[in-house]
Amino acid sequence: MKRVLVIEDDEDLRSDLITVLEFEGYEAIGAENGQQGVLMARQLLPDLIICDVNMPVLDGFEVIMELRRNLQTAAIPVIFLSARSDKVAIERGMKLGAAAYVRKPYALKELLAVVGTHAC
């Protein structure tokens, strides 16, 4: 079973994503902010991370930079899921090594297709 870490500060969205991912056959775990997400990623070594960009403590860009600095987490695919959909943010996320950048509001079918592509 593939493990997906959802780093999202919106509790309802995080809970909904975890529920959907579990329904789709993934083991899903949540973190409420970027700092907690980095710690959980280092500890649990998930197969995939879905990460918001605008969060307290560490934002999504800082999260991916921290993950890429650590040999154990450097290769974990990160999908950004964010309401921040300006070209500059998307380009920055991709240059930092994101596997994909999905804009909120998102189509569930689209997100699950991206997850399926990168969780293998």
Side-chain angles (χ1 to χ4, degrees):
M1 181 180 291
K2 298 292 183 177
R3 180 180 293 162
V4 179
L5 173 60
V6 177
I7 307 173
E8 170 62 60
D9 61 321
D10 181 305
E11 185 176 349
D12 291 335
L13 180 54
R14 185 175 64 248
S15 177
D16 289 348
L17 283 170
I18 289 170
T19 299
V20 168
L21 290 166
E22 288 175 341
F23 181 79
E24 293 292 320
Y26 297 97
E27 177 188 350
I29 311 128
E32 64 187 40
N33 63 53
Q35 183 177 29
Q36 184 185 55
V38 169
L39 294 174
M40 290 178 76
R42 288 178 181 158
Q43 185 177 44
L44 302 172
L45 299 175
D47 298 292
L48 176 70
I49 296 171
I50 299 173
C51 187
D52 189 10
V53 171
N54 294 326
M55 293 183 293
V57 189
L58 287 179
D59 69 22
F61 299 135
E62 294 167 319
V63 167
I64 199 169
M65 287 188 287
E66 285 297 318
L67 294 172
R68 297 301 179 248
R69 286 186 191 119
N70 183 305
L71 288 177
Q72 289 186 306
T73 58
I76 299 172
V78 175
I79 297 171
F80 280 127
L81 180 63
S82 180
R84 188 167 171 198
S85 60
D86 57 282
K87 186 178 177 181
V88 172
I90 294 168
E91 286 178 359
R92 182 173 182 205
M94 300 308 287
K95 283 181 182 177
L96 289 171
Y101 198 111
V102 178
R103 298 174 182 148
K104 293 179 189 172
Y106 59 91
L108 187 56
K109 189 175 181 179
E110 173 194 4
L111 178 62
L112 290 175
V114 173
V115 167
T117 298
H118 296 288
C120 44

- Query: With sequence neighbours left out, what residues match E91 under side-chain contact (heavy atoms from CB on, under 4.5 Å)?
  - Reply: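 Once residues adjacent in sequence are excluded, the partners of E91 under the side-chain contact (heavy atoms from CB on, under 4.5 Å) criterion are K87.
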Between [X] (side chain) and [Y] (backbone), is there a donor-acceptor pair under 3.5 Å?
X	Y	value
R84	N54	no
D52	M55	no
E62	D59	yes
T19	S15	yes

Are [X] and [Y] joined in one hydrophobic group, where the rule is that I, L, V, M, F, W and Y side chains link up if heavy atoms are under 4.5 Å apart?
X	Y	result
M65	L39	no
L45	V38	no
I49	L44	yes
I29	V20	no

- Those residues that, when tested against R3, pass salt bridge (charged side-chain N to carboxylate O under 4.0 Å, His left out) (two or more places apart):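 R3: salt bridge (charged side-chain N to carboxylate O under 4.0 Å, His left out) contacts with E27.
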Please name the pair of heavy atoms, one in [X] and one in [Y], separated by the smallest distance, quoted to 0.1 Å.
X	Y	result
A41	L67	CB-CD2, 3.6 Å
G60	C51	CA-SG, 3.8 Å
A31	M40	CB-SD, 3.7 Å
V57	Q35	CG1-OE1, 3.1 Å

Any side-chain heavy atom of [X] within less than 4.5 Å of one from [Y]?
X	Y	result
L48	K2	no
L17	L111	yes
E110	V102	yes
I7	N33	no
L21	V6	yes
V114	Y106	no

- Message: Tell me whether R103 at atom CZ has more than 12 heavy atoms from other residues, nucleotides or ligands lying less than 6.0 Å away.
- Response: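 Result for CZ/R103: open.
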- Query: Distance from Y26 atom OH to L112 atom CG, nearest 0.5 Å?
  - Reply: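 CG of L112 is found 7.0 Å from OH of Y26.
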- Which distance, rounded to the nearest 0.5 Å, do you find between the CZ of R92 and the CD1 of I90?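 That separation rounds to 13.5 Å.
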- Listed once per pair and sorted, the ring-ring contact (aromatic ring centres under 6.0 Å, His included) pairs that draw on residues 34-89, sequence neighbours left out: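 Found F61-F80, F80-Y101.
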